[in-house]
Amino acid sequence: MKRSMKNGIIAVAIALCFVLPIGVFAQDQAEPALQTQTDQTQSDVQAQADVQAEDEFQVQEKVEPQSGVHTQAEVLALFKDAPAAEQDTIKNSEALIEQGKWASAWALLSQADADNSNPYVFAEKIRVALDGYLQTAMHVSFIFADVPEGEDLATLRELGTNEPIEPIDFSPATIASSMEEKGGEIPPVLSYMLGNYYYEVWKNYQGQWLLDDETVLNDGATEFERAYAYGLYTPVSLDRYSEMLVASQSWTGAKNVTLKALEADPGNLALTLRLADTYYGLGDYQSMPALADKIIADKNDRSMLANGYVVGIEAGLALSDREMVDAYLDGFENDFPDQYYPTLVRHLVAVNFGDAATANKAADAVTASFPGNPDVVRSLVSTWLSVNDPTSAFNYLNRNLAKEQPDDAYAALYFYRALLNVEVGETPDRLTQALLDISKAERYFKKSYPEGHQVFDMIKSMQKEWSDKLSEANQGNADAASSADTAASDATSAAQ
């Protein structure tokens, strides 16, 4: 779930709840981590940004096509201003596409315009490349095939073909740039198709493509804007255009385009959510609650429902309206009684409001409702750490350790108290307490987890690391004491 709201408090909480794996001790989890929620979110983003493009393009068979959304009639309508000869070529291409003959359509277009100098045929080539490839390498090289009768392109993409097919180099961004440099015509339909091309590149190859993400977003939005200025747009292009504007934080343009898209589809909740994003970006917080209520009124999509509450809570926080925040939090918890993240959000909000009583109440309630859930304990502790309040985190852990708990709950609580001690400071006293707690956690884990579970390897590793640090710290203290004794002896001798 991506949110671009500037406050970020609730966005962080929802990211934590929806993105983090269920259970820090899950079998596929490599290592537990104690981080502030902001740190965790930043690390998730950084992990995506660090993905590097390979030196050589690899054919990618499972890139999901994004623009197979136009009917033949819709495509022909986009080319209504093309010269008659080009319209005939495009009609013939679309007739072949209707039969699943994508390779034949590409061959026809290449024969009509081998050097990509005709802007209308070039635009149709982009349409074929986006919707009809069998395989693609970074959307600059494509393989096409005629789909056998009785089969479909999606299945063919999955299964592949045994026949070797020569890939075709086709880079619309490079061709369009060259065309503009030469002063060639860029008709609205070409801008429309280029906008779709940049959108798909952005969605499929963020951080990995030939151009950086910011350039791709800007170029895509510019192409959509050109087409829009000439009145050439569809619900698809408005949706994508507004999404790219939001991603680049062009809030005024995003608001206007999203409103235009909602004119054609007023019940579209994804667009409604996007509009709320733009209002937040513009600082128009008063306009957000009505949109939140519209989204919340539709209970069918649980993810969208959660987003609706996020919008309302963010609006209340931005307006410093605690009553509004609490009302949306109440609804959030009521609509998701079997989930822990609404109460984690309540805890997060209370901590950031400095409301210790509400924060403690929420923490104890969610811990009691989901005993032994390490995600819950980690989130609560991390929230307090994010505002530099380890004391409240320790109080929470101590308070709940004093209660009657199932074995896995004791395990999680001791485990995170151990981590918290080391996080706060690697002093001999804290390292000693951490080693005691991690040993207790291990005993309780043995009652709940099977022998050989990776949590025991992790604990063994932490015990060794902390024991080594404790030995170093104690040795350092001993050396310091010895030096002090020597200095005192020397001073005594000098005085005599």
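In what follows, every heavy atom counts, from backbone to side chain, and hydrogens, waters and symmetry copies are set aside.
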[X] side chain vs [Y] backbone, donor-acceptor pair below 3.5 Å:
X      : Y      : answer
Glu74  : Thr71  : yes
Tyr197 : Ala173 : no
Ser242 : Asp239 : yes
Asp169 : Ser141 : no
Ser382 : Ser379 : no
Asp265 : Ala261 : no
Ser250 : Gly253 : no
Asn334 : Asp330 : yes
Asp146 : Ser104 : yes
Glu86  : Ala82  : no

If you compare all heavy atoms of [X] against all heavy atoms of [Y], which two are closest, and at what distance to 0.1 Å?
X      : Y      : result
Ala145 : Leu134 : CB-CD2, 4.0 Å
Ala276 : Met288 : O-CG, 4.1 Å
Thr358 : Asp355 : OG1-OD2, 2.7 Å
Val75  : Glu94  : CG1-OE2, 3.3 Å
Ala350 : Ala359 : CB-N, 3.6 Å
Gly372 : Pro374 : O-CD, 3.0 Å

Going by distance alone, is a donor N or O of one side chain under 3.5 Å from an acceptor N or O of the other, for [X] and [Y]?
X      : Y      : result
Tyr309 : Asp335 : yes
Ser248 : Glu214 : no
Ser117 : Asp115 : yes
Arg274 : Thr258 : no
Tyr230 : Ser191 : no

- Where do Leu153 and Asp131 land on the side-chain contact (heavy atoms from CB on, under 4.5 Å) test, with the steps shown first? CA-CA 10 Å; Leu153 183 58; Asp131 291 356; over 6 Å; no
Less than 4.0 Å between a side-chain N and a carboxylate O, is that true for [Y] and [X]?
X      : Y      : value
Glu263 : Lys260 : yes
Lys255 : Asp284 : no
Arg378 : Asp375 : yes
Glu180 : Arg226 : yes
Glu200 : Lys203 : no

Can you measure from [atom1] ([X]) to [atom2] ([Y]) and round to the nearest 0.5 angstrom?
X      : Y      : atom1 : atom2 : value
Phe332 : Ile296 : CZ    : CD1   : 9.0 Å
Asn204 : Met138 : CG    : CE    : 9.5 Å
Leu194 : Thr222 : CG    : OG1   : 11.0 Å
Ser237 : Glu223 : OG    : CD    : 12.5 Å
Asp277 : Glu243 : CG    : CD    : 10.5 Å
Leu269 : Met304 : CG    : CE    : 5.5 Å

- Query: Run the side-chain contact (heavy atoms from CB on, under 4.5 Å) check on Lys101 and Phe144 step by step: do they pass?
  - Reply: CA-CA 9 Å; Lys101 296 182 177 180; Phe144 302 103; over 6 Å; no
Minimum side-chain heavy-atom gap [X]-[Y] below 4.5 Å:
X      : Y      : answer
Ile295 : Leu273 : yes
Asn118 : Phe122 : no
Val128 : Ser93  : yes
Leu238 : Tyr228 : yes
Val325 : Leu329 : yes
Phe170 : Val140 : no
Val246 : Thr278 : yes
Thr367 : Tyr396 : yes

- Query: So Tyr133 and His139, would you call those rings parallel, tilted or perpendicular, with 30° and 60° as cut-offs?
  - Reply: perpendicular
- Task: Show your reasoning for whether side chain to side chain donor-acceptor pair (under 3.5 Å) applies to Thr89 and Asn92.
- Result: CA-CA 5 Å; Thr89 298; Asn92 291 334; 5.7 Å; no
- Task: Carefully, step by step, assess Asp212 and Thr215 under the rule side chain to side chain donor-acceptor pair (under 3.5 Å).
- Result: CA-CA 5 Å; Asp212 62 84; Thr215 300; 2.9 Å; yes
- Tyr285 and Tyr279: aromatic ring centres closer than 6.0 Å? no
Step through the shown structure and confirm whether more than 12 heavy atoms of other residues, nucleotides or ligands are within 6.0 Å of [atom1] on [X].
X      : atom1 : answer
Glu149 : CD    : no
Lys294 : NZ    : yes
Lys299 : NZ    : yes

- Task: List the steps, then state whether side chain to side chain donor-acceptor pair (under 3.5 Å) holds for Asp389 with Ser392.
- Result: CA-CA 6 Å; Asp389 185 11; Ser392 292; 2.5 Å; yes
- Verdict with supporting geometry, Tyr120 and Asp113, side chain to side chain donor-acceptor pair (under 3.5 Å): CA-CA 10 Å; Tyr120 295 98; Asp113 181 33; over 6 Å; no
- Message: For Lys91 and Leu76: C-alpha separation, side-chain torsions, deciding distance, then whether side-chain contact (heavy atoms from CB on, under 4.5 Å) applies.
- Response: CA-CA 7 Å; Lys91 285 178 183 177; Leu76 294 176; 3.8 Å; yes
- side-chain contact (heavy atoms from CB on, under 4.5 Å) evaluation trace for Gln135 with Phe142: CA-CA 6 Å; Gln135 296 176 357; Phe142 299 86; over 6 Å; no
- Task: Taking the six-membered ring of Phe336 (Phe, Tyr or Trp), confirm whether the NZ or CZ of Arg302 is under 6.0 Å from its centre and within 45° of its axis.
- Result: yes
- Tell me, please, whether Phe353 has Arg322 positioned over its six-membered ring: NZ or CZ under 6.0 Å from the ring centre and within 45 degrees of its axis? yes
